[in-house]
Amino acid sequence: MTDQAEPIAQQVTDRVVDLVVNAVDVNALVARVDVNPVIAQVDIDAVLSRIDLNALLEQVDLNALLEQVDLNALLEQVDLNPLLERVDVNILLERVDLNEIVARLDIGAVLDRVDVNDLVKKIDMDTLIKQTDLGAVIAQSTRGVGGEILDAGRSQVVGLDQVIDRWAARLFRRREPAPSGPPALLAAQAEP
């Protein structure tokens, strides 16, 4: 008989619970409950120790969460000055590879932006002339010009000497060409 009574008791219980739940205004009941004493009795550490945070975080879609974050509004609230005061600029500059930066530069574009006329206007020509050793510059350029004139003259004299040698060979009717220099010099050139 208990076997038959148990399903009937279950049905009655389900019906009673259903009637009570429908009859009770849950919102009014919750509004009457003071939650603070209930929460004060909860041991939060014990509850948190039972939660597997890794499993919980695996269920969170971080991309969807980050899409809802307004970074501009967040950054407007950040005061960067205290952060920048803590930055050691010298250490940052030590880590910078200037060769790599210069390699990336378009020097032509940089020079196109330079106003050469304005740059030349800023040069103190009097000081530049005072610091320049004009005597050495003149001597250097004179020496170069003088050397070129002397080389040209020597070349002309050699050509004239060859013309005179041909005329002399015709005049004296020589069949063999004359030696191209003094015997001692020719012997020194022949030795290795």
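Worth saying up front: this structure is predicted, and the values here are computed from it rather than measured.
Atom CG of L150 is separated from atom CD of E148 by 11.0 Å, given to the nearest 0.5 angstrom. To the nearest 0.5 Å, the span separating CD on Q41 from CD1 on I39 amounts to 11.0 Å. Rounding to the nearest 0.5 Å gives a distance of 12.5 Å between CD1 of I164 and CG of L171. To the nearest 0.5 angstrom, E6 atom CD is 10.5 Å from T13 atom OG1. Atom CD of E85 sits about 8.5 Å away from atom CG of D79, to the nearest 0.5 Å. To the nearest 0.5 Å, atom CG of residue D43 and atom CG of residue L48 are 9.0 Å apart.
For the pair Q11/D14, no side-chain contact is recorded, criterion being any heavy-atom separation below 4.5 Å from C-beta on. Annotation: side chain of K122 is in contact with side chain of D118 (closest heavy-atom distance under 4.5 Å). With a 4.5 Å cut-off on side-chain heavy atoms, N22 and L19 do not count as touching. Counting heavy atoms from C-beta on, the side chains of R15 and V12 never come closer than 4.5 Å. By the 4.5 Å heavy-atom criterion applied to side chains, D61 and L65 are not counted as neighbours. Side-chain contact between I101 and N99 is absent, with no heavy-atom pair separated by less than 4.5 Å.
Grouping the Ile, Leu, Val, Met, Phe, Trp and Tyr side chains by contacts below 4.5 angstrom, directly or via other members, places L53 with V47. No chain of hydrophobic side-chain contacts below 4.5 Å, direct or via other Ile, Leu, Val, Met, Phe, Trp or Tyr residues, connects I123 to V116. Cluster annotation: V42 is connected to I51 through the hydrophobic network of ILVMFWY side chains, with a link wherever side-chain heavy atoms come within less than 4.5 Å. No continuous path of ILVMFWY side-chain contacts below 4.5 Å connects L62 to L57, so the two sit in separate hydrophobic clusters.
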Determine whether R166 and V163 satisfy the following criterion, side chain to side chain contact (heavy atoms under 4.5 Å, CB included), listing intermediate values before the conclusion. CA-CA 5 Å; R166 282 193 301 262; V163 169; 3.4 Å; yes
